[in-house]
Structure formats: structure tokens, C-alpha cells
Amino acid sequence: MAAVEKRRQAVAQATSFTDSGRPVVSRAAATAESEEDFLRQAGVTEMLRAALLKVLEARPEEPIAFLAHYFENMGLRSPANGGAGEPPGQLLLQQQRLGRALWHLRLAHHSQRTAFNNNVGVAYECLSASGRKKKPGLDGRTYSELLKRICRDGEAPEEVVAPLLRKIQCRDHEAVPLAVFRAGMLTCFVLLEFVARAGALYRLLEDPGLAVADRRLGQAVLDTLEGALQSSDDTAPARYLEAGSRLGPDSLALAMDRALVARRPSAPMTREEFLEKAAALFIAKVKPVG
Amino acid sequence: MSRVLVPCHVKGTVALQVGDVRTSQGRPGVLVIDVTFPSVAPFELQEIVFKNYYTAFLTIRVRQHTSTHTPAKWVTCLRDYCLMPDPHSEEGAQEYVSLFKHQSPSMTFPKWLSHPVPCEQPTPLLEGLPDPSRVSSEVQQMWALTEMIRASHTSTRIGRFDVDGCYDLNLLSYT
């Protein structure tokens, strides 16, 4: 901030020197030129350009709020933060890094693959930056913490995501390469969306009065999904067609109908149990790290 | 038995289209023609005659009143009846078409006294089943997300040198 103030004074002084005796037009021209120079020297032009590029890449639904968060985040990064007093401790730095990385990762939805991968790269660099005590590179512990935080913020129950974390986590001391990091991030965000869909599915299955689902219905739907996910070694198109027909409304209606007819009612299936079982189907297809 | 024309009122065509499809040669897609039978005594419709003009498939739906108490229902008599074997060729494009009563499986026509049997009715499901199309939509999305993750995997190894999770020196090989 101090540097900026000094520059502004210098500019003001320059204009006051040219003030006396010069014609009005050239003074206006000099002021206009100095304004542009000022903006460029202050780094504002570059910053705004970067901000606009980010908006274009992320295409957020609320661009103004997005920009507000963006600039707020920039403020965190400036050296003025914690300048005068004690430098922030390691823990705070770590939390800040995690927060920034999370912010980058959320800019684009995983389906916008190019933008998502770019953001993953930036987040990786942000986390790998060396501090005073920290060696450069992303360590397993930070990676694990990030994964847990993403799942927590995504409101996925712990028991549901725990099996995934066990599969893709790295040991605390291990160095995490970018490719592993990227795969892990993608898997995590896709799982969150999967769990959200499973939650919506449960709401469709649950009895409106009881707020729980009939176990037979829940199991029938999960079994149908599991069946569709069984990999036969057929070529991809054949597999998709088969899955499509198995998961069509008629086929599902038949499966649900049969389940209700064939079995007697038993204890209902809670939302947690349904989500755990559904997530297990997803996690089974995730390749473990190693 | 002589044939008697039933007076009817044919309304103008209404095009059902998505978006703004308009070509200079006409408007492809679905066109709906409303035919009403104003103030006519109940009758048994035997035949419908018309001249085709570049329509490929025809569906006829009938709205009938079975009794004064039940509300009127729409029933499909003919679905996707093919008028042109190849829509891009001329065959059938400008032919005269006669549709007889016996061609439509359910034979429901306005103001019949007999009880109709709609030709399409899904297998009766137990009451209280969740909406299958919405369930299907969610399940298909879940399937797609799982397939995507199954397909994307990184071949980068993290470079571990452990044996079953253990880094005990005695277990590591000397090669």
C-alpha cells in the first residue's frame, strides 16, 4: 500500500510542475497519459485482465459475486497481510494455502474439463509453494487434508467418503505428483456429485409420510445399478446400450414392482445406509493409488 | 348401406415445433389438425378419407365422453400410421387415404355407446411406486458419473517401495 501511495504523490507532483504557463489542452493530455501509466504501473490493468479471463473461463452464474470473491482472495495474497506485526504462523499459512487451493478448485465444474484441469494445476502450485520451513512439493498429509475438507464442504457424510479416501489417499510423507493430484481431485468432486444424485434418488424413493424408504425398493434400485455397472468386456457402445435399457423407466419400474411383490416388508432403509451402499458402487470402480 | 358424410369442422393446422425452425419450403415437424363435430347426434364412424400432402406419419387421437359423469378422456386410435414409406421420396406423398374403423385397434370414436378399451395402457403398477422416469433419470446420471471415473485413470505411479503397507527393511528386496 505504501508503495502505491508514493507513486500517486509522484504523479501529482509531476502534474503540478507542468501546471504553470502550459496551455490547457496539453495539461489534459498529460493527465490522461499519466492516468493510463499509473494504472499500468500499479498493476491494475494486468490484474483486471487476469480477473476477466478467469470470469470467462469459469462462466459463473453470478459474475459480480464471483469477482468480489476473486478480489477478496487477492487481498489475502498481498504481502501487506500480516506485514507490520508478526508473520503468520505455519498453521495459519497452511490453512490459507488450503483455502486458496479450494477456491481455485471450485471455480469450474468438473465437467468443464479444460478449465477444471487448469484450476487443478494452479491449486497444485499453490499448495506446493515452499514456505520457510516447508520444502517445495505437495506432501501426502496436505493432500489428505484437502480431500477431507472438500468432502466436508460438499456435505458428504464421513462414512460415505471414508472408503474413497482410504483408496486414494497418500502417506503423509509421500510426495504427490500432479497427475495423481489431478485424478484425486476429479474423483473427489465427481463422488460429491454422485452422492448428491443418490440423495435426490433417495428422496424419490422415500415414503412421504415416514421419511424413510422401503428397503425392498432401495435395494432393487441399487441392485439394478450394480448390474448395469458390471463390466462385460464388450465394446463400449454395446455396454452403453445394455445399461441404457436396464436403467430405463420401464425396466426400473418392473424391478421395483417385482421387489415389492416378491419380498415381505422389513425394516426401512435409512438415508445414510442408502448413500453408503450407493457410494460403495462408485468407489469400487475407482483405481487405488499405488 | 350408403355412406353419409358427417358434418365436421376442420380447424387450421397448428405447428408444434421446438425453437425457430422455418424454411422457405414449409415447416417440418409435427402439425396438429383439430376436427370437431359440433352438435351431432351419436354416430358410428366407419371411415376417414383425406388426401395426403407430404405427411409421413399420422396419429389420430379422439376425445370422447363415455358418460355424463366421467370427464372426457383423450384416447389414441392410431399411432404413427405410416403414409409415406420413405419420407424423402414421393411415394405416398399426395395419395388419397382411407382409414377404416377396423384398422384402429381400439375402435373408439366420438359418442359411441360402447365402453372403450384404450389401445395403450401401461401394465398396471402397484399403487405408490415412485415415478419411474425420475428414478431412471437419477440412476442414469449416477451410472454415467461412475463410468466416467472408471474410464479416467492415471498411469502415474506414486513410487512406493513398501510391501503390503510395511516399510520394514527386512522385507525389501535387494534387487
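Throughout, a chain's letter reflects where its sequence line sits, starting with A, and its residues are numbered from 1.
- Proximity to chain B is limited to the backbone of Leu281(A), based on heavy atoms less than 4.5 angstrom apart.
- Interface check for chain A: of the options Thr146(B), Asp131(B), Val139(B), the most heavy-atom pairs under 4.5 Å are formed by Thr146(B).
- By the neighbour-count criterion of 12 heavy atoms within 6.0 Å, atom CD of Glu158(A) is sparsely surrounded, having that number or fewer from other residues, nucleotides or ligands.
- The stretch residues 196-204 of chain A places Arg197(A), Ala198(A), Ala200(A), Leu201(A), Leu204(A) near chain B, each with some heavy atom under 4.5 Å from a heavy atom of that chain.
- Scanning all heavy atoms of the two residues, the minimum distance from Ala278(A) to Met142(B) falls at CB-CE, 4.1 Å.
- In this structure, the ring of Trp143(B) has its center less than 6.0 angstrom from the ring center of Tyr240(A).
- Interface remark: Ala284(A) contributes no atoms to any contact with chain B (heavy atom separation under 4.5 Å).
- Other residues, nucleotides and ligands contribute at most 12 non-hydrogen atoms within 6.0 Å of the CD atom of Glu125(A).
- In the displayed structure, Glu159(A) atom CD is contacted under 6.0 Å by more than 12 heavy atoms of other residues, nucleotides or ligands.
- With a 4.5 Å cut-off on non-hydrogen atoms, Leu205(A) touches chain B through its backbone and its side chain both.
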For Leu217(A) and Leu129(B): C-alpha separation, side-chain torsions, deciding distance, then whether side chain to side chain contact (heavy atoms under 4.5 Å, CB included) applies. CA-CA 9 Å; Leu217(A) 284 183; Leu129(B) 263 190; 3.8 Å; yes
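- Ranked by heavy-atom pairs under 4.5 Å with chain B, the first of Leu186(A), Ile283(A), Val286(A) is Leu186(A).
- Crowding of Arg106(A) atom CZ: a count of heavy atoms from other residues, nucleotides or ligands under 6.0 Å exceeding 12.
- Within the 4.5 Å cutoff, side-chain heavy atoms of Met148(B) are placed close to those of His110(A).
- In plain terms, the two heavy atoms of Ile149(B) and Phe282(A) that are nearest each other are CG1-CZ, 3.5 Å.
- In this structure a side-chain-to-backbone donor-acceptor pair under 3.5 Å is missing from Gln140(B) to Gly244(A).
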